[in-house]
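Below is one structure, written out as structure tokens; comments come after it.
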Amino acid sequence: MFFRNPKPAQPTFEERLSNLKQFGFTSSRQSGGAKVTRQGFGAIVDDLGSGNVAIGKAGVLAGDEIATLVSRGYQMFLRGPSGKEFPALAPQLKALHAFDEDLREGLGLISLYNVALGTTSDAHLYDRVEERDQTHHARPWEK
């Protein structure tokens, strides 16, 4: 007489990674997660436990590292952890956006509106704004 909706099954981390193979991704396990790559792009997927995952910033593979986007106001650049930096081209930005969307879909994550509009970057390094991304800004009386 009473109808209950079945509880949605929470896939494990291994099930989520194996599902990515349908989208053409390759994954290699690392400590605490996996490095997921496809056609020159990559991201680190972290295992948060109990089937939950978090995606690190996706980027272009530059050697063994993943170069992420940095906005300089007038142009987007790709910067690797070693400090190597090069300009991002329009085809790279389009392919990076498609990579990120397919990765989210393959992992079964929600695609947010602001991320779905295009590529986003965490670092904004404009020419005229000094020390913007630092946590502590010098107050006028500290200078």
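Keep in mind the model is a prediction, meaning the values are calculated, not measured.
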Please tabulate, for side-chain N and O atoms in residues 40-52, each donor-acceptor pair with protein atoms closer than 3.5 Å (sequence neighbours left out).
{"from": "D47", "atom 1": "OD1", "to": "G49", "atom 2": "N", "distance (Å)": "3.0"}
{"from": "N52", "atom 1": "OD1", "to": "Q10", "atom 2": "NE2", "distance (Å)": "2.8"}

Item to check | Joint cluster assignment, L61 & F86, ILVMFWY side-chain distance < 4.5 Å | outcome: no
Checklist outcome for this item: Residue set satisfying side-chain contact (heavy atoms from CB on, under 4.5 Å) with S111, at least two apart, ordered chain then number -> E101, A116
Next on the checklist: Run the side-chain hydrogen bond (donor to acceptor under 3.5 Å, both in side chains) test against S28 and tell me which residues pass, sequence neighbours left out.
Outcome noted: none
Next on the checklist: As an exercise, state the distance from CD of E105 to CD of Q22, rounded to the nearest 0.5 Å.
Outcome noted: 10.0 Å
Checklist outcome for this item: Note: V36 and S27 closest approach over all heavy atoms is CG2-CB, 4.2 Å
Checklist entry - With T26, which residues qualify under side-chain contact (heavy atoms from CB on, under 4.5 Å), at least two apart? => result T37
Item to check | Test item: L78 and V70 side chains (from C-beta on) under 4.5 Å apart, heavy atoms | outcome: no
Next on the checklist: To the closest 0.5 Å, what do you measure between CD (Q92) and CG (L69)?
Outcome noted: 9.0 Å
Item to check | Set of residues satisfying salt bridge (Lys or Arg N to Asp or Glu O under 4.0 Å) with respect to E65, sequence neighbours excluded | outcome: none
Next on the checklist: To the closest 0.5 Å, what do you measure between CG (L96) and CG (L89)?
Outcome noted: 12.0 Å
Item to check | Considering all heavy atoms, the nearest I66-A58 contact | outcome: CG2-C, 4.4 Å
Next on the checklist: Measuring from atom CG of L107 to atom CD1 of I55, what distance do you get when rounded to the nearest 0.5 angstrom?
Outcome noted: 5.0 Å
Next on the checklist: Tell me every residue that passes side-chain contact (heavy atoms from CB on, under 4.5 Å) with Q75, counting only those two or more places apart in sequence or in another chain.
Outcome noted: F77, P87
Checklist entry - Listed by chain and number, what are the salt bridge (Lys or Arg N to Asp or Glu O under 4.0 Å) partners of R38, not counting sequence neighbours? => result D102
Checklist entry - What pairs meet the salt bridge (Lys or Arg N to Asp or Glu O under 4.0 Å) rule with one or both residues in residues 6-20, with sequence neighbours excluded? => result E14-R29
Checklist entry - Which residue pairs pass the ring-ring contact (aromatic ring centres under 6.0 Å, His included) test with at least one member in residues 16-36, sequence neighbours excluded? => result F25-F99
